[in-house]
**Student:** 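Before anything else, here's the structure in question.
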Number of protein chains: 2
Amino acid sequence: MQEALTILKKHKLSVTEARMAVLNVFTDNEEALSHSEIENHTSGFFDRVTLYRTLQTFVEKGLIHQIPTTDNSVRYALCKEHCEEGHHHDEHVHFVCNDCNRTICLDHVIIPKVRLPKGFQTSQVDMIVKGTCDECK
Amino acid sequence: MQEALTILKKHKLSVTEARMAVLNVFTDNEEALSHSEIENHTSGFFDRVTLYRTLQTFVEKGLIHQIPTTDNSVRYALCKEHCEEGHHHDEHVHFVCNDCNRTICLDHVIIPKVRLPKGFQTSQVDMIVKGTCDECK
DNA sequence: CCATTCTTTGCAACAATATTGCAAATTAGG
DNA sequence: CCTAATTTGCAATATTGTTGCAAAGAATGG
């Protein structure tokens, strides 16, 4: 697939089978995925360690972003644009459906600014909304 | 300690050594704690399994709430009030300090409402702000 | 297209974290 | 106190995450 290749080059990463495969999983799936889901989507073709390292570099280089969870299974989603090395601009809301259990990036729902108490400085904000998604309602 | 006992009775839970100890850890510490931190604070006196189960019932009964993380170490914090079985009303912002690594409940910073796309229904909202806390700045 | 250099991968070993069943201990309530 | 119901600890097992190192693969310059 063309897109994955473009993304890798754009971020100056060498092109390998594992990276292409993982990126394709993301471009094929709209939702945010956990490590184990990615492992399944790549049919266990790659070593578990390779996936850990691949995901780690993708996060560091700004190809994907992490979504916090309460179930010890961090999820990852493709960054749309503007995400730079070390600094993510994915300030959109993430939605977790209680029914189908999907995690969806609501790209057009911007996280509102909040006023913090004196002395607190913000570097990054995450907002996770749980409920029922449009397909499950 | 009195407070822990009161909380247990209020939620109709039987009073045991483990539950008292865990609750005391929470009332003694303002911050949100991870499983392993709680394990340390109780000096490893209780079996790891007991802690898992204790935390689980506390969440289910609304004594504590979970705070999502991106590092696979969910944190727990005491609910202030109004938290009912199965439904939490802890709609305040959580702050994670990049320096001291503490997770702080900003009880007075209310999470703003957001407008979701058509078809999405909200049951719970989490907002995590990362940055530098007032003590580390 | 080849050779060299640097990066990435897989394996192995290990560490940490999470889950389940069951018997023994503890708690609640009369 | 006695009984029934709940909670705990242990053991076994499963899942998840980490590190070092040698081999395989990718990029670069000629």
Side-chain angles (χ1 to χ4, degrees), chain A residues 1-2 4-25 32-64 66-76 85 101 103, chain B residues 1 4-25 32-61 63-64 66-76 85 101 103:
Chain A
M1 189 186 268
Q2 173 64 11
L5 190 65
T6 315
I7 298 173
L8 283 178
K9 298 217 158 162
K10 177 175 146 198
H11 291 271
K12 300 199 173 59
L13 286 174
S14 51
V15 179
T16 72
E17 207 182 342
R19 287 174 179 173
M20 288 293 283
V22 172
L23 268 185
N24 283 331
V25 171
L33 303 165
S34 67
H35 179 101
S36 63
E37 285 168 338
I38 295 164
E39 203 169 338
N40 293 337
H41 280 293
T42 51
S43 323
F45 193 77
F46 302 100
D47 195 277
R48 161 195 287 287
V49 179
T50 302
L51 292 187
Y52 279 113
R53 294 195 267 225
T54 302
L55 291 172
Q56 186 181 302
T57 47
F58 281 6
V59 170
E60 285 168 359
K61 300 287 182 176
L63 284 72
I64 60 179
Q66 297 175 298
I67 299 146
T69 65
T70 45
D71 67 347
N72 285 333
S73 68
V74 183
R75 284 166 181 275
Y76 303 88
E85 200 161 323
N101 207 34
T103 298
Chain B
M1 188 186 268
L5 190 67
T6 315
I7 297 173
L8 283 177
K9 298 216 158 161
K10 177 176 146 195
H11 290 271
K12 300 199 175 62
L13 287 174
S14 51
V15 178
T16 72
E17 208 182 341
R19 287 174 179 173
M20 288 292 283
V22 172
L23 269 185
N24 282 331
V25 171
L33 302 165
S34 66
H35 178 100
S36 63
E37 286 168 337
I38 295 164
E39 205 170 334
N40 293 336
H41 279 294
T42 50
S43 324
F45 193 76
F46 303 99
D47 195 278
R48 164 188 286 284
V49 179
T50 302
L51 293 186
Y52 280 114
R53 294 195 267 226
T54 302
L55 292 172
Q56 186 180 303
T57 47
F58 281 7
V59 170
E60 286 169 359
K61 300 287 181 175
L63 282 72
I64 60 178
Q66 297 174 298
I67 299 148
T69 64
T70 45
D71 66 345
N72 285 334
S73 68
V74 184
R75 283 167 182 275
Y76 304 87
E85 199 161 323
N101 206 35
T103 298

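In what follows, chains carry the letters A, B, and so on, assigned in the order in which the sequence lines appear, proteins first and then strands, with residues in each chain numbered from 1. What's counted below: heavy atoms across the whole structure, side chains too, no hydrogens, waters or symmetry copies.
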**Student:** Taking only residues two or more places apart in sequence or in another chain, which ones pass side-chain contact (heavy atoms from CB on, under 4.5 Å) with A:Thr69?
**Tutor:**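 side-chain contact (heavy atoms from CB on, under 4.5 Å) list for A:Thr69, sorted by chain: A:Asp71, A:Ser73, A:Arg75.
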**Student:** List the residues meeting side-chain contact (heavy atoms from CB on, under 4.5 Å) with B:Ser36, not counting sequence neighbours, and say none if there are none.
**Tutor:**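 Residues passing side-chain contact (heavy atoms from CB on, under 4.5 Å) with B:Ser36: B:Ser34.
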**Student:** Main chain of A:Ser14, side chain of A:Arg19: is a donor-acceptor contact present, judged purely on distance under 3.5 Å?
**Tutor:**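 Checked: pair present.
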**Student:** If you compare every side-chain N and O of A:Asn72 against the phosphate oxygens of C:dT17 (OP1, OP2), does one of them come in below 4.0 Å?
**Tutor:**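 No, A:Asn72 has no side-chain N/O under 4.0 Å of OP1/OP2 on C:dT17.
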**Student:** Specify the separation, in whole Å, of atom CG of A:Leu55 and atom C1' of D:dT18.
**Tutor:**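 My rounded result for the distance is 15 Å.
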**Student:** Taking atom P of D:dT6 as reference, at what distance in whole Å does atom CZ of B:Phe58 sit?
**Tutor:**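 Going from CZ in B:Phe58 over to P in D:dT6 covers 17 Å.
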**Student:** Measure from CZ on B:Arg48 to P on D:dT16 and round the result to the nearest Å.
**Tutor:**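 Distance check: B:Arg48 CZ to D:dT16 P gives 16 Å.
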**Student:** Check for a donor-acceptor pair, side chain of A:His41 on one end and backbone N or O of A:Val25 on the other, with a separation under 3.5 Å.
**Tutor:**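 Between the backbone of A:Val25 and the side chain of A:His41 there is no qualifying donor-acceptor contact (under 3.5 Å).
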**Student:** Looking at five pairs on each end of the helix from C:dC1-D:dG30 to C:dG30-D:dC1, what is the angle between the two axes, given to 10 degrees?
**Tutor:**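 The value is 50°.
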**Student:** Treating primed atoms plus P, OP1 and OP2 as sugar-phosphate and everything else as base, which nucleotides of nucleotides 19-30 of chain D get B, S or - for protein heavy atoms under 4.0 Å?
**Tutor:** BB-----SS---
**Student:** Atom CD1 in A:Ile7, atom CG in A:Leu63: separation rounded to 0.5 Å?
**Tutor:**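 If we round to the nearest 0.5 Å, A:Ile7:CD1 and A:Leu63:CG are 6.5 Å apart.
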**Student:** Of B:Phe45 and A:Ser73, whose closest DNA chain D nucleotide lies nearer the 5' terminus?
**Tutor:**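 With A:Ser73 and B:Phe45 compared, the 5'-side residue is B:Phe45.
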**Student:** Whole angstrom is fine here: how far is it from OH in A:Tyr52 over to C1' in C:dA15?
**Tutor:**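 So the two atoms are 12 Å apart, to the nearest Å.
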**Student:** Which atom names give the shortest non-hydrogen contact between B:Leu55 and B:Val22, and what distance separates them?
**Tutor:**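 It is CD2-CG1, 4.3 Å.
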**Student:** Return the value, rounded to whole Å, for the distance between atom CD of A:Gln56 and atom P of D:dT16.
**Tutor:**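 Roughly 18 Å, once rounded to whole Å.
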**Student:** Rounded to whole Å, how long is the line connecting atom CG of B:Asp47 with atom P of D:dC10?
**Tutor:**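 These atoms are roughly 6 Å apart.
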**Student:** Could you note down all residue pairs passing salt bridge (charged side-chain N to carboxylate O under 4.0 Å, His left out) where residues 47-56 of chain B supplies at least one of them, sequence neighbours left out?
**Tutor:**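 Sorted result for residues 47-56 of chain B: B:Glu39-B:Arg48.
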**Student:** Could you walk me through whether A:Ile67 and B:Thr70 pass the side chain to side chain contact (heavy atoms under 4.5 Å, CB included) check?
**Tutor:** CA-CA 6 Å; A:Ile67 299 146; B:Thr70 45; over 6 Å; no
**Student:** What is the separation between atom CG on A:Leu8 and atom C1' on C:dT8, rounded to the nearest whole Å?
**Tutor:**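 Roughly 13 Å, once rounded to whole Å.
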**Student:** Let me confirm one number: the OH-CD1 distance from A:Tyr76 to A:Ile64, rounded to the nearest 0.5 Å.
**Tutor:**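 The distance works out to 6.5 Å.
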**Student:** Write down the distance between CE (B:Met20) and C1' (C:dT26), rounded to a whole number of angstrom.
**Tutor:**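 It works out to 15 Å between those atoms.
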**Student:** Going by number, which of residues 34-44 of chain B have a non-hydrogen atom under 4.0 Å from DNA chain C?
**Tutor:**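 Under 4.0 Å from DNA chain C: no residue of residues 34-44 of chain B.
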**Student:** Working to the nearest 0.5 Å, report the span between CD1 of A:Ile38 and CZ of A:Phe46.
**Tutor:**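 Rounded to the nearest 0.5 Å, the CD1-CZ separation comes to 12.5 Å.
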**Student:** So B:Arg19, base contact, sugar-phosphate only, or nothing? Heavy-atom distance under 4.0 Å.
**Tutor:**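 Sugar-phosphate contact only - B:Arg19 comes under 4.0 Å of backbone atoms but never of a base.
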**Student:** Mind checking the CD-OG1 spacing from B:Glu37 to B:Thr42? Nearest 0.5 Å is all I need.
**Tutor:**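 The OG1 atom of B:Thr42 is 11.5 Å from CD of B:Glu37, to the nearest 0.5 Å.
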